[in-house]
A.B. asks: 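Before I ask anything, let me first share the structure, which is written out below as structure tokens.
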Amino acid sequence: MIETDFQALFDTWKEAKASGNAPKAAVIVQRIHLNVYTYAKKRFGADEETSSEFYLHFLSKIEPILENYTKKANFDFKV
């Protein structure tokens, strides 16, 4: 997933949270989970076990990252 796709997901997630649309926000978080899971494999050619470990490391951090991310920081969401 490219940076602009993440930005679009973030924007949609933020709008869903602001409007109280929890089911829509949950679907977006699931899409981000999937991308985090496959990131190590795509980016570094990691095997399935390493990809799983990478995902498990970030599992509990995904929603706090979304909560604290701001576009004004001028760094990519993927960072």
Side-chain angles (χ1 to χ4, degrees):
M1 180 173 279
I2 60 174
E3 180 63 25
T4 54
D5 293 338
F6 273 114
Q7 290 289 341
L9 277 178
F10 172 75
D11 290 341
T12 305
W13 175 84
K14 192 172 181 179
E15 290 168 7
K17 291 289 277 190
S19 69
N21 189 343
K24 186 174 184 177
V27 168
I28 292 163
V29 170
Q30 288 174 349
R31 288 187 62 196
I32 292 172
H33 276 265
L34 179 61
N35 281 282
V36 169
Y37 179 76
T38 59
Y39 179 78
K41 191 174 203 173
K42 290 178 182 176
R43 178 77 165 104
F44 304 109
D47 59 21
E48 199 69 31
E49 183 176 337
T50 304
S51 293
S52 296
E53 289 175 13
F54 180 80
Y55 171 71
L56 290 174
H57 175 74
F58 280 98
L59 180 63
S60 65
K61 298 173 180 155
I62 292 173
E63 289 201 57
I65 288 170
L66 287 170
E67 294 286 345
N68 295 309
Y69 178 73
T70 177
K71 288 183 178 183
K72 293 177 184 177
N74 287 327
F75 60 86
D76 289 351
F77 180 79
K78 289 194 290 187
V79 173

A.B. asks: Looking only at heavy atoms, what is the nearest atom pair of Ser51 and Tyr37, with distance?
C.D. replies: CB-O, 3.7 Å

A.B. asks: Measuring from atom CZ of Arg43 to atom OG1 of Thr38, what distance do you get when rounded to the nearest 0.5 angstrom?
C.D. replies: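 Interatomic distance, Arg43 CZ to Thr38 OG1, rounded to 0.5 Å: 13.5 Å.
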
A.B. asks: Among residues at least two apart in sequence or on other chains, which ones pass side chain to side chain contact (heavy atoms under 4.5 Å, CB included) with Phe44?
C.D. replies: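 Once residues adjacent in sequence are excluded, the partners of Phe44 under the side chain to side chain contact (heavy atoms under 4.5 Å, CB included) criterion are Tyr39.
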
A.B. asks: Go through the structure and list residues passing side chain to side chain contact (heavy atoms under 4.5 Å, CB included) with Thr50, not counting sequence neighbours.
C.D. replies: Ala46, Asp47

A.B. asks: Heavy-atom distance under 4.5 Å between the side chains of Lys24 and Glu15, does that happen here?
C.D. replies: no

A.B. asks: I'd like to check the salt bridge (charged side-chain N to carboxylate O under 4.0 Å, His left out) partners of Asp11; sequence neighbours left out, ordered by chain and number.
C.D. replies: Lys71

A.B. asks: Indicate yes or no: at least one non-hydrogen side-chain atom of Phe6 is less than 4.5 angstrom from one of Arg31.
C.D. replies: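 A side-chain contact is absent here, since even the closest heavy-atom pair is not under 4.5 Å.
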
A.B. asks: Who are the side chain to side chain contact (heavy atoms under 4.5 Å, CB included) partners of Leu56, not counting sequence neighbours?
C.D. replies: Leu59

A.B. asks: Name all residues meeting the salt bridge (charged side-chain N to carboxylate O under 4.0 Å, His left out) criterion together with Lys14; count only those two or more places apart in sequence or in a different chain, and write none if there are none.
C.D. replies: none

A.B. asks: Could you give the distance from CD (Glu48) to OH (Tyr55), rounded to the nearest 0.5 Å?
C.D. replies: 13.0 Å

A.B. asks: Looking at every heavy atom in both Ile65 and Phe58, which two are closest together, and how far apart are they?
C.D. replies: CD1-CD2, 4.4 Å

A.B. asks: Taking the side chain as C-beta and beyond, is there a heavy-atom pair between Ile32 and Phe10 under 4.5 Å?
C.D. replies: no

A.B. asks: Would you please name every residue forming a side chain to side chain contact (heavy atoms under 4.5 Å, CB included) with Ala8, sequence neighbours left out?
C.D. replies: none

A.B. asks: State the CD1-CD distance between Ile62 and Gln30, to the nearest 0.5 angstrom.
C.D. replies: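 So the gap between those two atoms works out to 11.0 Å.
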
